[in-house]
Engineer: 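Before I ask anything, let me first share the structure, which is written out below as structure tokens.
Along the sequence shown, the residues carry numbers beginning at 1.
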Amino acid sequence: MSAADTTTPAKVPPPRPAPQRAVPDRPRRGRTSNGTAVPWVLLAPCLLILVLVMGYPLVRLVTLSFQKFGQSQLWGFQPAESVGLANFGTVLGDGEFWAVVLRTIVFAAGCVIFTMVVGMLIALLLQRVSGWLKTLINIVLVASWGMPVIVATTVFKWLFDSDYGILNALLSRLPGVELIGHNWFASGPQGLAVIMLLVVWGAVPFVVITLSAGLTQVPKELEEAARLDGATGWGVFRHVTLPILKPIIVMLTTLSVIWDMGVFPQVFVMRNGHPEPEFQLLQTYSYDRAFVVNDYAQGSAIALLTVLLLLGVVAVYMRQMLKIGEVE
């Protein structure tokens, strides 16, 4: 018997069956539709309120801007007539309208710049003060932010009053300064500067609180690394803090432009309900055309042009935010 016959052949283990792949459960159509419908159901009350509150006025505004509509049409003595683009042609061909537009842009730009600069300085200051002082400043900011516009305007009217204003009395104590009896509203630039201070005073708290929240998200390690590399305080702010805060700054700037372009009660109350021509801004000018001159069609056209101008600002904001999103 040979060695090949006496050797027991090795047993080969049987092949293991291939593991069966788990077939994922197909999502049910009912679940998908319910998941998509939930956000719309939650947004439905808000959307309904917006349609009820703003839908009809906006449609009516657009309709009036293409009609001839005055007191006779308001009281029903004459029917409203469609005039096409005649109201827009009259408004755009009026030199006074362009003067108001330029004044509004300059006023809004001044308010936005001062608001953002002062707000940023106060927000940076809050990062370097003690806890109790920071709490006190925040309380003051919230209190001033919560003050009604009419109350704040009345306070500023008293501060800058020509006869009883405390500001004239305080400034007159300075050497070589005599402002007793000075009327700050005798000229348009001085009066608008006072109104600008009022707008900035009411807008700064929101900017400070928002920027303070954003500053808490700036990594301290990046600031320390920049200082170790020899960067000054301005360099750290410019190359580290500012890029991180850029989305917040863009948002605050856009909101400030929209709010400051729509300033109405501050000018209206400060000038006792009758703003002079050198104090007219777009909102007060539209109101004056509609309810003083009783030309509701031209007032609606001016208001609609203001809305289109603000939509341009929103478009710039959306473009900037999309750029920031692409970089991130």
Engineer: S187: which residues meet the side-chain contact (heavy atoms from CB on, under 4.5 Å) condition with it, sequence neighbours left out?
Structural biologist: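 Checked S187 against side-chain contact (heavy atoms from CB on, under 4.5 Å); matches are P189, Q190.
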Engineer: Identify the two heavy atoms, one from T115 and one from C111, that lie closest to each other, and give their separation to 0.1 Å.
Structural biologist: OG1-O, 2.5 Å
Engineer: When you compare the side chains of W132 and S130, does any donor N or O come within less than 3.5 Å of an acceptor on the partner?
Structural biologist: yes
Engineer: Distance-only, no hydrogens or angles: does the S72 side chain make a donor-acceptor pair with backbone N or O of F77 under 3.5 Å?
Structural biologist: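 Between the backbone of F77 and the side chain of S72 there is no qualifying donor-acceptor contact (under 3.5 Å).
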Engineer: Please tell me if the side chains of Q67 and E81 come closer than 4.5 Å, counting only heavy atoms from C-beta onward.
Structural biologist: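 No, side chains not in contact.
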Engineer: I would like to know whether T104 and D260 meet side-chain contact (heavy atoms from CB on, under 4.5 Å); could you show each step before the answer?
Structural biologist: CA-CA 9 Å; T104 304; D260 296 339; over 6 Å; no
Engineer: Is there a continuous path of hydrophobic side-chain contacts, each under 4.5 Å between heavy atoms, that joins V200 to V112?
Structural biologist: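 Different clusters.
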Engineer: Any donor and acceptor pair, going by atom type alone, linking the side chain of N294 with main-chain N or O of G70 inside 3.5 Å?
Structural biologist: no
Engineer: Identify, with sequence neighbours excluded, every residue that meets side-chain contact (heavy atoms from CB on, under 4.5 Å) alongside V292.
Structural biologist: D288
Engineer: Do you know the tightest heavy-atom contact between L242 and R238?
Structural biologist: CB-O, 3.6 Å
Engineer: Any donor-acceptor pair under 3.5 Å linking the side-chain atoms of W184 with those of D161?
Structural biologist: no
Engineer: Check A169 against I180 and note the closest heavy-atom contact, atom names and distance.
Structural biologist: CA-CD1, 4.1 Å
Engineer: So do Y285 and E96 actually touch side chain to side chain, heavy atoms under 4.5 Å?
Structural biologist: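 Yes, at least one pair of side-chain atoms sits under 4.5 Å.
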Engineer: Below 4.5 Å, heavy atoms only, C-beta onward: do L305 and F97 meet side chain to side chain?
Structural biologist: yes
Engineer: Count the heavy atoms of every other residue, nucleotide or ligand shown that sit under 6.0 Å from CG of L171, and state whether that count exceeds 12.
Structural biologist: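 Counting neighbours around CG of L171, more than 12 heavy atoms of other residues, nucleotides or ligands fall under 6.0 Å, so yes.
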Engineer: Is any side-chain heavy atom of M120 closer than 4.5 Å to a side-chain heavy atom of I249?
Structural biologist: yes
Engineer: Over 60° means perpendicular and under 30° means parallel, so classify the ring planes of F291 and Y296, tilted if in between.
Structural biologist: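 Because their plane-to-plane angle is over 60°, the rings of Y296 and F291 count as perpendicular.
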Engineer: Hydrophobic cluster membership, with links at side-chain heavy-atom distances under 4.5 Å among I/L/V/M/F/W/Y: are V118 and I209 in one?
Structural biologist: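 Result: no, two separate clusters.
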Engineer: Classify the ring geometry between W145 and F206 as parallel (under 30°), tilted (30 to 60°) or perpendicular (over 60°).
Structural biologist: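 Rings of W145 and F206: tilted, 30 to 60°.
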Engineer: Is the shortest heavy-atom distance from the side chain of F279 to the side chain of L192 under 4.5 Å?
Structural biologist: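 The answer is yes, as the side chains (C-beta and beyond) meet within the 4.5 Å cut-off.
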Engineer: Of all the heavy-atom pairs spanning L282 and V100, show the shortest one and how long it is.
Structural biologist: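 Smallest heavy-atom distance, with atoms named: N-CG1, 3.6 Å.
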Engineer: Is there a path of hydrophobic side-chain contacts, each under 4.5 Å between heavy atoms of I, L, V, M, F, W or Y residues, that connects V177 with V194?
Structural biologist: yes
Engineer: For the atom pair CG (L126) and CG (N138), what is the distance rounded to the nearest 0.5 Å?
Structural biologist: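 Output value for this atom pair is 5.5 Å.
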Engineer: More than 12 heavy atoms of other residues, nucleotides or ligands under 6.0 Å from CZ of F237: is that the case?
Structural biologist: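 Result for CZ/F237: enclosed.
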Engineer: So, taking the atom named CG in N183 and the one named CZ in F160, what distance separates them when rounded to the nearest 0.5 Å?
Structural biologist: 12.0 Å
Engineer: Got a second to check how far Q266's CD is from W201's CH2, nearest 0.5 Å?
Structural biologist: 11.0 Å
Engineer: Do the side chains of L252 and V117 join up, straight or via other hydrophobic residues, at under 4.5 Å, putting them in one cluster?
Structural biologist: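 Different clusters.
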Engineer: Atom CD1 of I105 and atom CG of L281: how far apart are they, to the nearest 0.5 Å?
Structural biologist: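 Nearest 0.5 Å value for the CD1-CG distance: 11.5 Å.
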Engineer: Using every non-hydrogen atom in the two residues, find where G119 and V207 come nearest and quote the distance to one decimal.
Structural biologist: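 Heavy atoms of G119 and V207 come nearest at CA-CG1, 4.0 Å.
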Engineer: A side-chain contact here means heavy atoms from C-beta on lying under 4.5 Å apart; do N168 and D163 qualify?
Structural biologist: no
Engineer: Starting at CG of L228, measure out to CD of E223 and round the result to the nearest 0.5 Å.
Structural biologist: 12.0 Å
Engineer: Between F66 and N87, is a side-chain contact (heavy atoms from CB on, under 4.5 Å) present by the stated rule, with each step listed?
Structural biologist: CA-CA 7 Å; F66 292 97; N87 291 323; 5.9 Å; no
Engineer: Does some side-chain heavy atom of T210 sit less than 4.5 Å from a side-chain heavy atom of M251?
Structural biologist: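 Counting from C-beta outward, M251 and T210 do come under 4.5 Å.
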Engineer: Transitively linked via ILVMFWY side-chain contacts under 4.5 Å: V151 with L159?
Structural biologist: yes
Engineer: So which atom in F185 and which in I195 form the shortest heavy-atom distance, rounded to 0.1 Å?
Structural biologist: CE2-CG1, 4.5 Å
Engineer: Drop me the distance from T253's OG1 to I258's CD1, to the nearest 0.5 angstrom.
Structural biologist: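 That separation rounds to 11.0 Å.
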Engineer: Looking only at atom types and distance, does a side-chain atom of S286 sit under 3.5 Å from a main-chain N or O of Q283, one as donor and one as acceptor?
Structural biologist: no
Engineer: Run the numbers on Q127 and S212 for side-chain contact (heavy atoms from CB on, under 4.5 Å), then give the verdict.
Structural biologist: CA-CA 8 Å; Q127 304 299 314; S212 297; 4.2 Å; yes
Engineer: Starting from the C-alpha separation in whole Å, work towards a yes-or-no answer on side-chain contact (heavy atoms from CB on, under 4.5 Å) for T254 and V316.
Structural biologist: CA-CA 9 Å; T254 306; V316 174; over 6 Å; no
Engineer: With the side chain counted from C-beta on, respond yes when L211 and I122 share a heavy-atom pair under 4.5 Å apart, and no when they do not.
Structural biologist: no
Engineer: Is the backbone N or O of Q280 less than 3.5 Å from a side-chain atom of T284, with the two atoms forming a donor-acceptor pair by type?
Structural biologist: no
Engineer: Cation-pi between R60 and F69: NZ/CZ under 6.0 Å from ring centre and within 45° of the ring axis?
Structural biologist: yes
Engineer: Is any NZ, NE, NH1 or NH2 atom of the basic residue among D94 and R289 found under 4.0 Å from an Asp or Glu carboxylate oxygen of the other?
Structural biologist: yes
Engineer: Between F268 and Y287, is the ring centre distance below 6.0 Å?
Structural biologist: yes
